[in-house]
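Working notes, structure below.
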Amino acid sequence: MADRYDPTTIEPKWQRVWAEEHTWEVSNEADERPKAYVLEMLPYPSGEPHIGHLKTYAVGDAVAHFQRRRGQRVLHPMGYDAFGLPAENHAIRTGQHPRESTEASIAEFQRQFRRWGISIDWTREFGTHQPEYYRWTQWIFLRLLERGLAYRKEAAVKWCPNDATVLANEQVVDGRCERCGAEVEVRQLEQWFFRITDYADRLLDDLETIEWPPHVVRMQQNWIGRSEGAEVTFRCEELGVDYPVFTTRPDTLFGATFFVMAPEHPDVFRLNDSPEVHEYVNRALNESVEERGSEHKPKTGVALGRTVTNPVTGEQIPMFVADYVLMEYGTGAIMAVPAHDERDFEFAKAFDVPIRRVVECGELPCTGDGPLVNSGRFDGIHNREAYPQIIEWLESDGLGKRSINYRLRDWLLSRQRYWGCPIPVVYCDEHGIVPVPDDQLPVALPDVEDYAPKGKSPLAAAEDWVSTTCPVCGKPARRETDTMDTFVDSSWYFLRYCDPHNDQAPFDREVADYWMPVDQYIGGVEHAILHLLYARFFVKALADMGYLGVQEPFARLFTQGMILRDGDKMSKSKGNVVSPQSVVERYGADTARSYVLFLGPPNQDADWSEEGAGGVHRFLSRLWTAATQAAADESAGAPPDGQPSALLRKAHWAIDKVTRDMEGRFAFNTAIAAVMELVNDVYRERESAPQADVRFAIATAGSLIFPFAPHLGAEVYELMTGDRVWEQPWPEADPAMLTTDEIQLVVQLNGKLVDRIPAPAEASREQLEEIARGSGKLAARLNGKQIVKAVVVPGKLVNFVVK
RNA sequence: GCCCGGGUGGCGGAAUUGGUGAUACGCGAUGGCCUCAAAAGCCAUUGUCCCUAGUGGACAUGUGGGUUCGAGUCCCACCCCGGGUACCA
């Protein structure tokens, strides 16, 4: 037998057992155990896994193992979010097909995940780029289209005039194309959208039905951003166009002295096509959201030379385009009330527009409440009271209506890119947009020569593929050349895991209803909004169409913090990605996994440093050594003296501590620390404690460390008991071992500690105060002062207040 | 800008519901044992400052206020760092 801890023999040994016995596979046949679906967000395969992946799957695997040993039937699958921009960029640079680089990366992810010993049911694995998968992504798209939840409209995109291509936000640096440095322009393109705003209220309300971290719930609520107010119509008489605006302050309508459009507003150039306006719009659109929103930035804008009618005063008020108005909120245009809105006020001063007070609320600009003035027949009425009256009046005159506005916008899903799921529609001169019939799915992604063709989506260059026939009339038609946002792929993959080989449907409803919802979802907090919101939307839409019996995909969510590198997010573009491989190679998977969890609370960010991994390795090594030595030791050790040994008590304390840390709290760092304490005590007390207690303590340490260091946990447990730890139920602490008869009573003077004295654990308040008064140190500190009050916290302390 | 987090020793962090000398556990550092030596391992010390060196004192949880018998924990204001901000995923 080896004389030192050697993960390179232990880890492959157990991995072989689990692979040969298919230990982590589960069928879709229910049994008597309750099901638990434990899922980590699927990785985007680019290069090799980084340290953040190690953390995600170390967390998820700990949960999966814990749940299994608590008697649950655990589904724990794995897949790859394989479409995406980085593989495409790589292809543009190198000419290597994105499929090749992606599949090479997937192979590397698989290799490392297996080496980490993650307890995955590999029979359910897939990549979202496989036709067997994206066939069903397309199928779902078509169902959403049929239901009116997918539609086309014009939207602004960022455009590089030099590369003649649409740019992702990430590809725009300081208003310039990241690749060629050309100044970025804005173009309006017809784009596909999902009508997620139809679900705004349900997405908001159903947050109450799921157990998510409160801050994530808050982020989603704020993102959806429901606010009540009114929609009011301002008419441009010259063009004969009505422009609705949303306002939360219809009570200030009489003070609307100008009208402002967002630079993205599709009608801006229709109102004024001058070079000045074009230049302003382009500049504004290339500013980051952060710059545009800044309160400190001087207000900029351009007068459009047009007017609209204020519907309550009948006045013609000037129109502007200005970057402080955001297309994403409301209708992309606002009525500006400079007297009662700070940003409108600044703009009015800068552009010399009249400012008219309509609420007596203090010095201008003021946003408070007060009686109305300059408001026709509403003069003298308090603004809160006038608010509903003005809305009613607008409604009766057809000039406006009560309205609820959401900050949430519809989901723009089309991408003018190659490496994504093709959108399964064709365009026919006669029949317009025609869905590809289900029996012709998948619309396969064709191979192309050039991943960055000029001017169009790269797919447009695949002429043979683009020209097709109309499914309705059989005449020549052209395929949609946009692909889908990768968030579409990842909005339903958790359903496919339930039934991954189904070739009749994306999933069988009965099977999905058995496994869903995901009981514990785990992933980075950076996905708190987009991915999680989109997946919730998909599940609701699928449920509405009868394909699914749940309303929410993820019953419980755990968001882990990111592992930072020198205080920065790790990303390929920053070139600061750390590979877990060096740690795994040097210390083994058990050490690497335990160490990322030991670094700190997993829901918080942690700065990566490899220093300290050695400490965790030393701990695992000490545990292995103790187990090996105890296994060889035939002696009985110290005789039992009738009292449970301190070591036995410590073992029960550790069971209790680790269990509480893992249940919901996910405090793996302190759970591991508790096992470290137990192992330290084994070393301290193994000479003095009964041999049975030593063995129990070591077996317990192996059992408790198993969710984090499964190979070593299995090895140690087998050495001590001959049993397989994963087949054993999670240990339970004996309550009798957790309590003591005596406590150390803390004596405080004005909240400062002066003494600790032993006291019976069950002593009453009166007894505790009596004991505390007897403290010699207290008497010495009192110095003749009078005790005016004593605060007794039973079982803990007595605090004397003196004057 | 807006939304959401975070800030505790030389370092990562602990303190779970306002109640034990705040700093568990680990790293690092220092000293010792073992060894021909090194590695590994084991043992001990380790918040800062002060002094009369003790069973001593003062100060310490980003900054400034506040509530409380008692605050790392609650409230107010501010500073700094991270994430998200809709085409990175």
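Naming: A, B, ... by sequence-line order, numbering from 1 per chain.
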Please report the distance, rounded to the nearest Å, between CH2 in W212(A) and P in C4(B). 16 Å
For the residue pair F554(A) and F494(A), does the interplanar ring angle fall in the parallel (under 30°), tilted (30 to 60°) or perpendicular (over 60°) class? perpendicular
Would you mind checking if R415(A) and E88(A) are paired as a salt bridge, meaning a charged N to carboxylate O distance below 4.0 Å? no
Given the C1' atoms of U35(B) and U52(B), what is the spacing between them in whole Å? 45 Å
Using the C1' atom on both, measure A60(B) against G21(B) and round to a whole Å. 13 Å
Candidate pair N222(A) and R407(A), rule side-chain hydrogen bond (donor to acceptor under 3.5 Å, both in side chains), full reasoning: CA-CA 8 Å; N222(A) 293 340; R407(A) 214 188 69 94; over 6 Å; no
Atom CG of N603(A) and atom P of G6(B): how far apart are they, to the nearest Å? 8 Å
Minimum-distance nucleotide (side-chain atoms of M219(A) versus C87(B), C3(B), A86(B)): C3(B)
Contact class for V788(A) vs. all strands (heavy atom < 4.0 Å): base, sugar-phosphate, or nothing? nothing
Spacing between E170(A) atom CD and A89(B) atom P, to the nearest angstrom: 8 Å
Under 4.0 Å between any heavy atoms, over every strand shown, what does V157(A) touch: base, sugar-phosphate, or nothing? Just pick one. base
Name the nucleic acid region contacted by L797(A), choosing base, sugar-phosphate or nothing; use a 4.0 angstrom heavy-atom cut-off, strictly under. base
Suppose you measure atom C1' in G9(B) against the same atom in C49(B); what distance do you get, rounded to whole Å? 14 Å
Aromatic plane relationship, Y521(A) with H531(A) - under 30° parallel, 30 to 60° tilted, over 60° perpendicular: tilted
Hey, does the side-chain of N222(A) have a donor or acceptor N/O within less than 3.5 Å of a partner on the base of C3(B)? no
Sticking with atom C1', work out how far G26(B) lies from G82(B), rounded to a whole angstrom. 24 Å
On RNA chain B, does the nearest nucleotide to P43(A) precede the nearest nucleotide to E611(A) from the 5' side, or the other way round? Give the residue. E611(A)
Look at atom CZ of R586(A) and say whether more than 12 heavy atoms of other residues, nucleotides or ligands are closer to it than 6.0 Å. no
Using the purine O4'-C1'-N9-C4 or pyrimidine O4'-C1'-N1-C2 torsion, is G9(B) syn (within 90° of 0) or anti? syn
Name the nucleic acid region contacted by Q220(A), choosing base, sugar-phosphate or nothing; use a 4.0 angstrom heavy-atom cut-off, strictly under. nothing
C87(B) base / Q416(A) side chain donor-acceptor hit below 3.5 Å: yes
Can you confirm if the NZ or CZ of R536(A) lies within 45° of the ring axis of W223(A) and under 6.0 Å from the centre of its six-membered ring? no
Of all the choices, C4(B), C87(B), U16(B), which nucleotide is nearest to the side chain of R417(A) once you look at every atom? C87(B)
Give L599(A) one of three labels, base, sugar-phosphate or nothing, depending on what nucleic acid heavy atoms sit under 4.0 Å from its own. sugar-phosphate
Are R195(A) and Y199(A) in a cation-pi contact, defined as NZ or CZ under 6.0 Å from the six-membered ring centre and within 45° of the axis? no
Report the nucleotide, chosen from U16(B), A86(B), G19(B), that has the shortest atom-to-atom distance to any side-chain atom of K657(A). U16(B)
Counting distance only, does the side-chain N/O of T128(A) pair as donor-acceptor with the main-chain N or O of A82(A) below 3.5 Å? yes
5'-most contact on RNA chain B (nearest-nucleotide basis), A606(A) vs S621(A), goes to A606(A)
Taking 4.0 Å as the cut-off, does a side-chain nitrogen or oxygen of S609(A) come that near to OP1 or OP2 on G12(B)? no
How many whole angstroms separate atom CE of M562(A) from atom P of C88(B)? 15 Å
Using the P atoms only, state how far C27(B) lies from C43(B), rounded to an integer number of Å. 12 Å
Contact class for H527(A) (heavy atom, under 4.0 Å): base, sugar-phosphate, or nothing? base
The nucleotide from G6(B), C87(B), G70(B) with an atom nearest the side chain of N799(A) is G70(B)
Can you measure from OH (Y151(A)) to CD (Q191(A)) and round to the nearest 0.5 angstrom? 11.0 Å
What distance separates L712(A) CG from R593(A) CZ, expressed to the nearest 0.5 Å? 11.5 Å
Using the P atom as the point on both nucleotides, what is the distance between A39(B) and C33(B), in whole Å? 15 Å
So for K752(A) and U20(B), does any side-chain atom that can act as donor or acceptor lie under 3.5 Å from a complementary atom in the base? no
Pair pattern of RNA chain B in dot-bracket, where unpaired bases get dots and | marks partners in another strand, Watson-Crick or G-U under 3.5 angstrom: (((((((..(((......[.....)))((((((.......))))))(((((..).))))..(((((..]....))))))))))))....
Send over the distance from L533(A) CG to C4(B) C1', rounded to a whole Å. 15 Å
Base, sugar-phosphate, or nothing: which does W411(A) touch, judged by heavy atoms less than 4.0 Å apart? nothing
Taking G13(B), G84(B), A40(B) as options, the one with an atom nearest any side-chain atom of I529(A) is G84(B)
What is the distance from NE2 of H531(A) to C1' of U85(B), rounded to the nearest Å? 18 Å
So what does V801(A) touch, heavy atoms closer than 4.0 Å: a base, only the sugar-phosphate, or nothing? sugar-phosphate
Which nucleotide sits closest to the side chain of R415(A): G21(B), A89(B), C87(B)? C87(B)
Closest approach to the side chain of R218(A), judged atom by atom: which nucleotide of U16(B), C69(B), G5(B) is it? G5(B)
Please work out whether the ring planes of Y134(A) and F83(A) are parallel, tilted or perpendicular, with thresholds of 30° and 60°. tilted
Say you pick atom C1' in C76(B) and the same atom in G19(B); how far apart are they, in whole Å? 24 Å
Please report, rounded to the nearest Å, how far the C1' atom of C87(B) is from the CD atom of Q188(A). 15 Å
Of the listed nucleotides A86(B), A89(B), G21(B), the one nearest the side chain of N169(A): A86(B)
Using atom C1' of each nucleotide, how far apart are G32(B) and C11(B) to the nearest Å? 25 Å
Assign Y683(A) to base, sugar-phosphate, or nothing according to its heavy-atom contacts below 4.0 angstrom with the strands shown. nothing
In terms of side-chain heavy atoms of R409(A), which of A86(B), A89(B), U16(B) is nearest? A86(B)
Looking at G84(B), C88(B), C43(B), which one has an atom nearest to any side-chain atom of R622(A)? C43(B)
Is there any protein nitrogen or oxygen under 3.5 Å from a nitrogen or oxygen in nucleotides 24-26 of chain B, and what are the pairs?
unit_1, atom_1, unit_2, atom_2, d
A24(B), O2', E677(A), OE2, 3.1
G26(B), OP1, N680(A), ND2, 2.9

Can a donor-acceptor pair be found, under 3.5 Å and without considering hydrogens, that links the side chain of D174(A) to the backbone of R176(A)? no
In terms of the angle between their ring planes, are W411(A) and F538(A) parallel, tilted or perpendicular, with boundaries placed at 30° and 60°? tilted
Check ion pair R765(A)-E769(A) (N to O, under 4.0 angstrom): no
How many whole angstroms separate atom CG of D607(A) from atom P of G10(B)? 18 Å
